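Notes follow the structure.
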Amino acid sequence: MSTQAIQQNPFQSMLDRYNTAADILNLEPSLRHKLQQPEKQVLINFSVRLDNGEEKNFDGYRIIHSTTLGPSKGGIRYDTAVNLEEVKALAAWMTWKSAVTGIPFGGAKGGIVVDPKQHSKAELERITRAYTKALADIFGPDKDVPAPDMGTGPDEMGWLMDEFSLLHGKTIHAVVTGKHLNAGGSLGRTEATGRGVSIITLLALQKLGLYTGHSTVAVQGFGNVGLHTALFLHEAGLKIVAVSDINTALYNPAGINIPELILYYNLNNKSITGYPKTQSIEHDELLLLPVNVLIPAAKEDVITAANAPFIKANLIVEGANGPVSSDADAILKDKNITVVPDIVANAGGVTVSYFEWLQNSLNESWAIEQVNYRLNDILEQSFNEVYNTAAQYNATLRIAAYILAVKKVAQTYMINRSLNNSVSFKQN
Ligand code: GLU
């Protein structure tokens, strides 16, 4: 049997979990249908002049899944694999993520079909400004608030903020989060997702009685999320035995010195290739290592029914969005492998995005201690709530998180529409 991940449809994976939670909640059919579909799907095409004078065409998306709990919130992805089903899934996951974390936002996601590595900084700026112009009616601090995702960062967010502000004739910081500090960004936002993943990993290890202080960890992905997760877990004393990026997977059963690897990575054009003191392994092998914790922090659908039977980790913490496809859920459950789902595990990013949006709206700037303290507080509360709900319903952490999220959005939707008496919703 091949252990190669089979490409799944991430929106279907989202729906499978959603429907399981909706069944448990006995959600009325029309409400069930309403909450699973995006509220708005915007597909755009725009042209940008390249540095060589040629015009190039780009497809872009912005999908608003839900605005029930507040303005829609979610990142913008620059990647050649961006497609409608992926962005729809990512938008829905943002809705459930904000809901389960207790943040007053709905969910959205955007993307451009582009390989950012093939473009100069000036071209990326023009691409981002053109995308912003095309979606100027969609974005807004109280409507839809973008943020970074795969392939984007503070530069893109700054250009988006500037373009949006120019179009409105005034500075509007709160239209986007994940900006540079001097462009209205928040302290702690860059590392927030990785910090959150590490907080959740330590909490989960403790709850499961697996925490030894020397637990071994494999991290797939060395982008913003994987790098910071590995760093914070290393600082907490855990042994990071394997990491990978797009080209290379490195393994050292005695542990990798993560601060040293980060120095190497920064000097090596943001690549871990060639780092000594480790052996190179196959990418697929990293997922199957005999470790305590496996943290997929790269892309969706890397753990599927094809490789799930061979996973040896006790705990999987989803740093990426959707790294485990729904066809692997039952296999992992049977193997007694605990999975902390994306909508809980990687919520640190959107949580500090919320802090950034708050600071912008209130003209405040918070100290790093305040950011990290509040982040810790929110994530701990959310994890405990999910953990207790899982025990209450005898469900996995993933289904428990969906139960909490779907229930919250459904209840709010019914209250907003005065539907309390006309739809059935089993209370637990
Ligand atoms: N792209 C990140 C995520 O998937 C952050 C979204 C945000 O901060 O709005 O959670």
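Everything quoted here is computed from the prediction, not taken from an experiment. Note that ligands are numbered from 1 as they come in the structure, with each ligand's atoms numbered from 1 the same way.
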For this session: May I ask whether Met150 has any heavy atom positioned less than 4.0 angstrom from an atom of ligand 1?
Result: no
Problem set entry | Distance filter under 4.0 Å to Gly349 heavy atoms, resulting ligand 1 atoms | 8 (O)
Seminar exercise, completed: Of all protein heavy atoms, the one nearest atom 10 (O) of ligand 1 is Lys97 NZ, 2.7 Å
Only pairs under 3.5 Å count here: list side-chain donor-acceptor contacts from residues 229-237, not counting sequence neighbours, and write none if there are none.
residue, atom, partner, partner atom, Å
Thr229, OG1, Val225, O, 2.7

Exercise. Can you tell me which residue and heavy atom of the protein come closest to atom 2 (C) of ligand 1, and the distance to 0.1 Å?
Worked result: Pro148 O, 3.8 Å
Exercise. Just checking, any donor-acceptor pair under 3.5 angstrom between side chains of Asp144 and Ser72?
Worked result: yes
Exercise. Between Asn376 and Arg195, do the side chains contain an N or O donor and an N or O acceptor separated by less than 3.5 Å?
Worked result: no
For this session: Measure the acute angle between the ring planes of Trp96 and Tyr402, then classify it against the limits of 30° and 60° as parallel, tilted or perpendicular.
Result: tilted
Exercise. Under a 4.0 Å heavy-atom limit, does Arg189 contact ligand 1 with its side chain, its backbone, both, or neither?
Worked result: side chain
For this session: Decide whether an N or O pair under 3.5 Å exists between Asn346 and ligand 1.
Result: no
For this session: With heavy atoms only and a cut-off of under 4.0 Å, state how Lys109 meets ligand 1: side chain, backbone, both or neither.
Result: side chain
Exercise. Going by the atom numbers of ligand 1, which of them fall below 4.0 Å from some non-hydrogen atom of Ser353?
Worked result: 7 (C), 8 (O), 9 (O)
Exercise. At the 4.0 Å heavy-atom cut-off, does Pro146 count as touching ligand 1?
Worked result: no
Exercise. Charged N to carboxylate O under 4.0 angstrom, Arg129 versus Glu125?
Worked result: yes
Exercise. Looking only at heavy atoms of Arg77, does any of them come nearer than 4.0 Å to an atom of ligand 1?
Worked result: no
Exercise. Taking the six-membered ring for Trp, are the ring centroids of Tyr78 and His119 within less than 6.0 Å of each other?
Worked result: no
Problem set entry | Per-atom contacts, ligand 1 versus Met94 - under 4.0 Å to a heavy atom | 3 (C), 4 (O), 6 (C), 10 (O)
Exercise. Considering only heavy atoms of Ala147, which atoms of ligand 1 have at least one such atom less than 4.0 Å away?
Worked result: 6 (C), 7 (C), 8 (O), 9 (O)
Exercise. Is the closest side-chain donor-acceptor distance between Lys73 and Thr177 under 3.5 Å?
Worked result: yes
For this session: Examine the proximity of ligand 1 to Ala347 and report which part, side chain or backbone, both or neither, has a heavy atom under 4.0 Å away.
Result: neither
Would you list the atom pairs, donor with acceptor, under 3.5 Å between side chains in residues 382-391 and any protein atom, with sequence neighbours excluded?
residue, atom, partner, partner atom, Å
Asn384, ND2, Glu380, O, 3.3
Asn388, ND2, Asn384, O, 3.2
Thr389, OG1, Glu385, O, 2.7

Exercise. Does the Lys335 side chain pair with the main chain of Pro309, one donor and one acceptor, at a distance under 3.5 Å?
Worked result: yes
For this session: Under 4.0 Å, heavy atoms only, figure out whether ligand 1 is touched by the backbone of Asn321, its side chain, both or neither.
Result: side chain
Problem set entry | Electrostatic pair Asp137:Lys143 at N-O distance under 4.0 angstrom | no
Exercise. Between Lys73 and ligand 1, does any nitrogen or oxygen pair lie at a separation below 3.5 Å?
Worked result: yes
